[in-house]
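Reading through the structure tokens given below for one structure.
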Amino acid sequence: MNAIELLKQDQQYFRTVDALVIPDLLKTDPGSVPFSGRVRSSRN
């Protein structure tokens, strides 16, 4: 895989995180168990 392909994959990943993960995370209570699971899965 070359650098351009890696860059495109990274951009796609971050667009997905911005569109799906972050909004879901912002709606979840920070003191809840689901919040910790969502944070953990977003770092993988």
Q: Provide the closest heavy-atom pair for Pro23 versus Ala19 in the form atom of the first, atom of the second, distance.
A: CG-O, 3.4 Å
Q) Does Asn2 have any side-chain contact (heavy atoms from CB on, under 4.5 Å) partners at least two apart in sequence or in another chain, and if so, which? A) Ile4, Glu5
Q. Is there a donor-acceptor pair under 3.5 Å between the side chain of Ser32 and the backbone N or O of Thr28?
A. no
Q | side-chain contact (heavy atoms from CB on, under 4.5 Å) against Leu7, all qualifying residues, sequence neighbours excluded | A | Gln11
Q | Interatomic distance, Gln12 atom CD to Asp10 atom CG [nearest 0.5 angstrom] | A | 10.0 Å
Q: Applying side-chain contact (heavy atoms from CB on, under 4.5 Å), name anything that partners Ile22, two or more places apart in sequence or on another chain.
A: Val17, Asp18, Leu26
